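Input: a single structure, listed below in structure tokens.
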Amino acid sequence: MIDIKLIRENPELVKENIKKKFQDEKLPLVDEVAQLDKEFREAKTKGDALRGDRNRISKEIGKMMGQGLKEEAENAKQQVKDIDQELLDLEEKEGVLADKIKQIMMVIPNIIDPSVPIGKDDSENVEIERFGEPVVPEYEIPYHTDILEALDGLDLDSARNTSGNGFYYLMGDVARLHSSILSYARDFMINRGFTYFIPPFMIHSDVVTGVMSFKEMENMMYKIEGEDLYLIGTSEHSMIGRFLNRTVKEENLPYALTSYSPCFRKEVGAHGIEERGLYRVHQFEKQEMVVVCKPEDSMEWYDKLWKNSVDFFRSLDIPVRTLECCSGDLADLKVKSCDVEAWSPRQQKYFEVGSCSNLGDAQARRLGIRIKGKDGNYFAHTLNNTVVAPPRMLISFIENNLEPDGSVRIPGPLQPYMGGQTKIEVVKERKNTI
RNA sequence: GGAGGAAUACCCAAGUGGUUGAAGGGUCCGGUCUUGAAAACCGGUAGGUCACGAAAGUGGCGCCUGGGUUCGAAUCCCAGUUCCUCCGCCA
């Protein structure tokens, strides 16, 4: 959500930005909202004057009553009644205009950073960095569900019975590996100066509507029946929701936070064959980074954030690359963003394991996150990024650490979290599987 | 979940329909006094946000939130949220 003042003062800049994002259909909205804004301010100025009159006259009535001036008071009452009548329509108009303006402002995209490459869609995203040797093995790598089942570590059939498609049981060493990755990720971020958080896993509807559009909400969020509660789709929801309509002290910045949570997503819509198994599930767990900082610091934080993810994957011997989102692929709220992708030896391509975003002040404006400065308040900048999100991450992990005999290596940093174990062996008898 | 009580500004707190333009303290800032400090005394302390205005400034909204009653609401009514006390239940 951009500042409407920008539309008043520099509509051409806003239009240029829309063109850069190949959303020409939104161009008329700029003039439309400018006109609505003009009407709204006229109505508000008029309304404020009337409300002022009402306040003044009502006060006078009080004095008249005190002095016993009955008749004058009755006259004045009628005057205020007339004002109220006039305000009735005007206030409705103010409300309608304000709603319309907000609706349009929500879809006008944030001004992208000058460094963002211009391109129509994700095919024009730009690789900015690559680490590790993308291994092409001589033998065929099985589908990840087959690898995990051979380790007696995954039971999708039972999960389908208990909970439906999109759920899973992780078992034995594989379940432990899953937890180890999250624990390691937590410590990894703590060591880099982030503060560890465990947030609420359910949030109220006003927080939900603050952090996402109605459409996103419909497609993603699970609602608790009979309660004003939704299961979070990512800990960013409760982490950034914490700052909703809050003013933070300048000297307390930056907030560099890392949060753990399970994430629940409806994942409405059809998905391809490559998304079977653990690619796209209704429930996963995630270690996340959230930063709230001063505007001048956000770009520096942006670079730090995505590099954290890269370093994390490198420390587990997983080849990764960073792909910058081009203008057309950038979500409307974002100033700049990139995806961190891990190598899949089986598919012999990279796939997304995390996404890093600088939202500038757009999210803060939408949520009312302000900084109390010496010379007045101003909106904060917000950023977020994935550290790691298993079980999807397990796919790249086991594919890259798979031995020809089907066992899976545990890289050094993870071994302490696995009780010193250096590999997960294929089992002869699958005792965990019913 | 049940029964009571509460929510006012940075903090404490008064306030049952109209000179409340939210009393009074405290904190904080400035001053007097002092070698310096403390104390005492004097003065200043709603902050935010929106609109109008070149500016000075003017006005709207703000007493947990959202509705309502009224000429007028911190105050009355309805719904909700959070906190406290007690009871019940529970890792």
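From a predicted model like this one, the values you see are computed outputs, not experimental measurements. Letters A, B, ... are given to chains in the order of the sequence lines, protein chains preceding strands, and every chain is numbered from 1.
Checking B:rA91 for Watson-Crick or G-U wobble geometry (two distances, each under 3.5 Å) identifies no partner in any strand. Searching all strands for a Watson-Crick or G-U wobble partner of B:rU35 with both distances below 3.5 Å returns nothing. In this structure, B:rG59 forms a base pair with B:rC50, meeting either the Watson-Crick or the G-U wobble geometry with both donor-acceptor distances under 3.5 Å. Across every strand in view, B:rG17 sits unpaired, with no contact that passes the Watson-Crick or G-U test at under 3.5 angstrom. In this entry B:rC28 has B:rG44 as its Watson-Crick or G-U wobble partner, both defining distances falling under 3.5 Å. B:rU70 makes up no base pair with any nucleotide shown, lacking Watson-Crick or G-U wobble contacts both under 3.5 Å. Here B:rU82 sits opposite B:rA6 as a Watson-Crick or G-U wobble pair (both hydrogen-bonding atom distances under 3.5 Å).
Comparing B:rC11 with B:rU70, their C1' atoms sit 35 Å apart, to the nearest whole Å. With P as the reference atom, B:rG66 and B:rU58 are 28 Å apart, rounded to whole Å. The same atom, C1', is picked in B:rA9 and in B:rG1; the two are 36 Å apart, to the nearest Å. A gap of 8 Å separates the P atoms of B:rG62 and B:rA74, to the nearest Å. Between the P atoms of B:rA3 and B:rC78, the separation comes to 16 Å (whole Å). Straight-line distance between the C1' atoms of B:rA6 and B:rA13: roughly 14 Å, to the nearest whole Å. A distance of about 12 Å separates the P atoms of B:rU8 and B:rC63, rounded to the whole Å. Only the P atoms considered, B:rG17 is 23 Å distant from B:rG68, to the nearest whole Å.
Aromatic pair A:His237/A:Tyr230: ring centres not closer than 6.0 Å. Taking the six-membered ring for Trp, A:Phe264 and A:Tyr222 have ring centres at least 6.0 Å apart.
Side chain to side chain, A:Lys336 and A:Ser115 meet the donor-acceptor criterion of an N or O pair below 3.5 Å.
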- Message: So if I define the base as every atom that isn't primed, P, OP1 or OP2, how would nucleotides 46-54 of chain B read as a B/S/- string at a heavy-atom cutoff under 4.0 Å?
- Response: --SSBSS--

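Relative ring orientation between A:His282 and A:Phe167 is described as tilted, the plane-to-plane angle lying within the 30° to 60° band.
Atom C1' of nucleotide B:rU81 and atom CG of A:Leu244 are separated by 14 Å, given to the nearest angstrom. Taking atom CG on A:Asp228 and atom C1' on B:rG80, their separation rounds to 10 Å, with Å as the unit. In this structure, CZ of A:Arg246 is placed 17 Å from P of B:rC64, rounded to the nearest angstrom. What separates CD1 of A:Ile83 from C1' of B:rG60 is a distance of 14 Å, to the nearest Å.
Each of A:Lys63 and A:His204 was assigned the nucleotide of RNA chain B with the nearest heavy atom; the assignment lying further toward the 5' end belongs to A:Lys63. Judged by closest nucleotide on RNA chain B, A:Glu227 is the one of A:Glu227 and A:Glu60 placed further toward the 5' end.
By the neighbour-count criterion of 12 heavy atoms within 6.0 Å, atom CD of A:Gln35 is densely surrounded, having more than that number from other residues, nucleotides or ligands. In A:Glu251, the CD atom is crowded: over 12 heavy atoms of neighbouring residues, nucleotides or ligands sit closer than 6.0 Å.
Syn is the glycosidic conformation of B:rG62, whose angle stays within 90° of 0.
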- Take A:Asp155 and A:Asn432 through the test side-chain contact (heavy atoms from CB on, under 4.5 Å) and record every step on the way to the result. CA-CA 9 Å; A:Asp155 183 358; A:Asn432 294 332; over 6 Å; no

- Task: Assess whether side-chain contact (heavy atoms from CB on, under 4.5 Å) is satisfied between A:Asn401 and A:Ile410, documenting all intermediate values.
- Result: CA-CA 7 Å; A:Asn401 287 290; A:Ile410 307 295; over 6 Å; no

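Dashed line: the shortest gap from a side-chain N or O of A:Lys59 to OP1 or OP2 of B:rG21 is under 4.0 Å. Dashed line: the shortest gap from a side-chain N or O of A:Asn55 to OP1 or OP2 of B:rG60 is under 4.0 Å.
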What N/O pairs connect the protein and nucleotides 68-71 of chain B at under 3.5 Å? Give each pair on its own line.
unit_1, atom_1, unit_2, atom_2, d
B:rC71, O3', A:Asp84, OD2, 3.2
B:rC71, O2', A:Ser58, OG, 3.4

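In this structure, A:Asn125 contributes its side chain and A:Cys326 its backbone to a donor-acceptor pair below 3.5 Å.
Exactly one residue among A:Val33, A:Asp332, A:Leu6 makes a side-chain contact (heavy atoms from CB on, under 4.5 Å) with A:Ile108. That residue is A:Val33.
Judged by a 6.0 Å distance limit and a 45° cone about the ring axis, A:Arg276 is positioned over the six-membered ring of A:Tyr143.
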